[in-house]
Amino acid sequence: MQLTSFAVRAATAAALATTCLAGVACPAAELRAAKAAKWQGDDSAGRQVLALQALSCLSSPNPVERDELAFEGLQAWMRAGQLDAATLQELRSRLTAQLRAPDPLGFARPFAALVLADVARVDRVKPYLSTEQRSQLVGTATDYLRAVSDYRGFDEKQGWRHGVAHAADIMLQLSLNPALGRAEHEQMLAAIASQVAPPGEQFYLYGEGERLMAPIFYLSRAKTLACSDWDDWFARLSATTAPAGTQQAALARKHNLKGFLQPLYINISESKDEAQRNCLKPLLLRTLKQAAE
């Protein structure tokens, strides 16, 4: 039986209160049942409850619970427009808190970022955030990307962590949002630049460069920055940093720069936006040559 809108709102409010309690166990059985139904159940109120409870799975050491149940379900519901505004706002609030909380196993923050990318996507497709909330989302995402220091990617038994790539996914959704302007774009560019070739001996192995380049491609089409701004940004990106102390660090920097610049160059070369292509292509060629030195 379909609930009235009042009953749905009441049920959702009750769910928010209930799931605020600490120690909620991952509702794996309920999520498996929802997945078996291809995430298409008729119980809207129950879906709002389960979506919020699913957040407890994001820190699970079980990769099936994190990725194939919680993330897949939350993404499917958001992309089908099946979560109401109250649930979306609560997801945003809790995921923001999760990005700032201790994460001893290293799963909770990256998967909070991955889900938050779809929270940002909903607002891009059908705006529901206020200007202030959207600005806060940019701040949350850029702060997290800058702060990532756990560069683990995939483990055969434990699954994915992939903090940089998941943060880049939020940047991608924000880069496509026409409600954002130059100030937010500059904030995002600074955060992305901080992780293109991070200090130390970390070699990106899991496509991080391609994920980081995607928001750059779309930001360069937004026309909020002049070509001279992009010239400055790429010049800073390729500038020699202080000596890291090891040849391995220098090799890692070169490897990571190429992993970002080469796919961006290919995409820019194939762009149908002539202004974008004419501006960025020579800048990328210059930066690639500098990275090879």
Side-chain angles (χ1 to χ4, degrees), residues 8-28 30-31 34-35 39-41 43-60 65-103 107-145 160 162-163 166-174 176-177 179-180:
V8 169
R9 290 196 297 271
T12 301
L16 299 183
T18 300
T19 53
C20 279
L21 299 175
V24 175
C26 174
E30 293 86 346
L31 288 169
K35 182 173 182 175
W39 312 109
Q40 295 297 316
D43 182 3
S44 177
R47 186 185 310 118
Q48 313 309 311
V49 174
L50 186 56
L52 294 172
Q53 292 175 337
L55 295 183
S56 63
C57 305
L58 300 181
S59 58
S60 170
E65 291 182 352
R66 287 194 316 273
D67 211 334
E68 298 179 23
L69 295 178
F71 167 66
E72 185 179 325
L74 287 164
Q75 183 183 67
W77 288 327
M78 281 188 275
R79 296 201 172 194
Q82 293 181 317
L83 299 184
D84 61 32
T87 301
L88 290 167
Q89 290 283 14
E90 187 67 14
L91 286 174
R92 180 182 62 85
S93 177
R94 296 193 195 187
L95 291 166
T96 296
Q98 191 163 324
L99 284 178
R100 297 169 178 163
D103 185 14
F107 299 118
R109 288 175 184 165
F111 274 85
L114 189 62
V115 176
L116 197 58
D118 265 280
V119 171
R121 181 185 181 276
V122 175
D123 181 61
R124 171 174 70 81
V125 175
K126 187 178 181 180
Y128 68 95
L129 296 177
S130 68
T131 300
E132 181 180 4
Q133 289 171 337
R134 198 171 292 116
S135 179
Q136 290 170 350
L137 179 58
V138 173
T140 295
T142 54
D143 286 349
Y144 172 66
L145 178 55
W160 288 99
H162 224 198
H166 292 178
D169 290 349
I170 311 177
M171 297 293 109
L172 173 60
Q173 294 301 330
L174 294 172
L176 291 163
N177 194 323
L180 299 177

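Quantities reported herein were computed from a predicted structural model and do not represent experimental measurements.
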message: Test side-chain contact (heavy atoms from CB on, under 4.5 Å) on Asn177 and Leu180; report intermediate values, then the result.
response: CA-CA 6 Å; Asn177 194 323; Leu180 299 177; 4.3 Å; yes
task: Begin from the C-alpha positions of Glu90 and Thr87 and carry the test side-chain contact (heavy atoms from CB on, under 4.5 Å) through to its verdict.
output: CA-CA 5 Å; Glu90 187 67 14; Thr87 301; 5.7 Å; no
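Put simply, the side chain of Asp118 never gets that close to the backbone of Gln75: no donor and acceptor are under 3.5 Å apart. Formation of a donor-acceptor pair under 3.5 Å by the Arg92 side chain with backbone atoms of Leu116 is not found in this model. With Gln98 contributing its side chain and Ala108 its backbone, the two residues share a donor-acceptor pair below 3.5 Å. Side-chain N or O atoms of Thr140 include one that pairs as donor or acceptor with a backbone N or O of Gln136 at under 3.5 Å. A distance-only check finds a donor-acceptor pair linking the side chain of Gln48 to the backbone of Gln82 [under 3.5 Å].
Sorted by first then second residue, the ring-ring contact (aromatic ring centres under 6.0 Å, His included) pairs that include residues 115-137, not counting sequence neighbours, number zero.
Heavy atoms only, all atoms of each residue included: Trp39 and Trp77 are closest at O-NE1, 3.3 Å. Contact record, Ala51 with Leu83: CB-CD2, 3.8 Å, taken as the closest heavy-atom pair. Contact record, Ala141 with Ile170: CB-CG2, 3.6 Å, taken as the closest heavy-atom pair. Closest approach of Gly46 to Asp43, counting heavy atoms only: N-OD1, 2.9 Å. In plain terms, the two heavy atoms of Gly163 and Tyr144 that are nearest each other are CA-OH, 3.5 Å.
From Leu58, atom CG reaches atom CG of Leu69 across 11.0 Å, with rounding to the nearest 0.5 Å. Atom CZ of Arg109 sits about 15.0 Å away from atom NE2 of His166, to the nearest 0.5 Å. Interatomic distance, CD of Glu68 versus SG of Cys57, reported as 12.5 Å (0.5 Å rounding). The distance from atom CZ of Phe107 to atom CH2 of Trp160, rounded to the nearest 0.5 Å, is 12.5 Å. Note that the CZ atom of Arg124 and the CG atom of Leu172 stand 7.5 Å from one another [nearest 0.5 Å]. Here the CZ-CG distance, from Phe111 to Asp103, works out to 11.0 Å after rounding to the nearest 0.5 Å.
A cation-pi arrangement is not found for Arg66 relative to Phe71, the charged atom failing to lie both closer than 6.0 Å to the ring centre and inside a 45° cone about the ring normal.
Proximity of Glu72 to Asp67: side-chain heavy atoms (C-beta onward) are nowhere separated by under 4.5 Å. Using a 4.5 Å heavy-atom cutoff, the side chains of Leu91 and Leu74 are in contact. Ser56 is listed as a side-chain neighbour of Pro27, based on a closest heavy-atom distance under 4.5 Å. Annotation: side chain of Leu88 is in contact with side chain of Met78 (closest heavy-atom distance under 4.5 Å).
Arg121 and Gln173 are not linked by any side-chain donor-acceptor pair at a separation below 3.5 angstrom, with hydrogens and angles left out of the test. One side chain, Gln89 or Gln133, offers a donor N or O that lies under 3.5 Å from an acceptor on the other.
With sequence neighbours excluded, the residues satisfying salt bridge (Lys or Arg N to Asp or Glu O under 4.0 Å) with Arg134 are Asp123.
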